[in-house]
Amino acid sequence: MKIQIINGPNLNLLGQREPGIYGSESFESYLPQLQAKYPDVQIDYYQSNVEGELINKLQETGFFGDYDGIILNAGAYTHTSVALHDCIRSLRCPVIEVHISNVHQREEFRHHSFISPVCRGVICGFGLDSYRLAVEALRK
């Protein structure tokens, strides 16, 4: 099984940015733990702060690639991007929307997701463990 994790804007600052909301661990330190937990799954990782680069990676992975699923934390683009919505809708593999924080406990503008309607499911509020829960969902 092959899973692509794609993180959007500002997630390169995990562990440093607002640790009260996002925790104190970087994604780069968490990823090897996740990969070790699932040795039978190839888990690849990509991060970009640029919306178009995220779309390029989603297409490369989910339309032209041979991946079984994508875990997408689109960050703030979740709440603004019709382009990501349209891209996800065209993919050949399922996408799980993930958020580290519970976006429904935060600012009102974070309560709406443009990408939820075209994702297989949504996981939010479990910290970095949200990614593990998404891997579990894709494995089933």
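Because the structure is a prediction, the values reported are computed rather than measured.
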### Residues clustered with L84, ILVMFWY side-chain links under 4.5 angstrom
I6, Y46, L54, I55, L58, F63, F64, I70, L72, Y77, I88, L91, V95, I115, V118

### Query
Under a 4.5 Å cut-off applied to non-hydrogen side-chain atoms, are I71 and L138 in contact?
yes

### Query
Should the ring pair Y131 and Y30 be called parallel, tilted or perpendicular, given that the plane angle runs from 0 to 90° and is split at 30 and 60?
tilted

### Task
Establish whether M1 and Y38 are linked, either directly or via other cluster members, by ILVMFWY side-chain heavy-atom contacts under 4.5 Å.
yes

### ILVMFWY cluster, V135 and F27 together (side-chain gap under 4.5 Å)
yes

### Query
For residues 47-58, which residue pairs qualify under salt bridge (Lys or Arg N to Asp or Glu O under 4.0 Å), counting only residues two or more places apart or in two chains?
K57-E60

### Task
Only pairs at least two apart or in different chains count here, so list each salt bridge (Lys or Arg N to Asp or Glu O under 4.0 Å) that has a residue in residues 69-97.
none

### Message
Could you tell me if Q4 and Q42 have a donor-acceptor pair between their side chains, going purely by distance under 3.5 Å?
### Response
no

### Query
If you measure from CD1 on I96 to CG on L133, what distance do you get to the nearest 0.5 Å?
10.5 Å

### Query
Measuring from S90:OG to Q59:CD, what's the distance to the nearest 0.5 Å?
6.0 Å

### Query
How long is the gap from CG on N7 to CG on L31, to the nearest 0.5 Å?
9.5 Å

#### Entry: Hydrophobic cluster (4.5 angstrom, side-chain heavy atoms) - remaining members for V82
F114

### Summary
Separation between CG (D44) and OG1 (T61), nearest 0.5 Å, reads 8.0 Å

### Message
Show every salt bridge (Lys or Arg N to Asp or Glu O under 4.0 Å) that has at least one partner inside residues 127-140, sequence neighbours left out.
### Response
D40-R139, D129-R132

### Message
Quick check on the hydrophobic clustering: are V122 and V103 connected, directly or via other members, by side-chain heavy-atom contacts under 4.5 Å?
### Response
no

### Sidechain-backbone polar pair: S29 side chain, S26 backbone, donor-acceptor under 3.5 Å
yes

### Query
Taking the side chain as C-beta and beyond, is there a heavy-atom pair between I100 and S130 under 4.5 Å?
no

#### Entry: Selection residues 70-83 - residue pairs positive for salt bridge (Lys or Arg N to Asp or Glu O under 4.0 Å), sequence neighbours left out
none

#### Entry: Separation between CD1 of I3 and CG of L34, rounded to the nearest 0.5 Å
8.0 Å

## Note on the structure
Nearest heavy-atom contact between S101 and C124 is O-CB, 3.6 Å

### Test salt bridge (Lys or Arg N to Asp or Glu O under 4.0 Å) applied to K2 and D66, step by step
CA-CA 8 Å; K2 288 174 62 176; D66 61 347; 2.6 Å; yes

### Task
Would you confirm whether H112, through its side chain, and H79, through its main-chain N or O, come within 3.5 Å as a donor-acceptor pair?
no

### Task
For residues G75 and H99, report the shortest heavy-atom separation together with the two atoms involved.
O-CE1, 4.5 Å

### Query
Do any N or O atoms from the side chain of N49 and from the backbone of N10 form a donor-acceptor pair under 3.5 angstrom?
yes

### Query
I123 and L128: same hydrophobic cluster, using ILVMFWY side-chain contacts below 4.5 Å?
yes

### Task
Rounded to the nearest 0.5 Å, what's the gap from CD on Q47 to CG on N12? Could you check?
4.0 Å

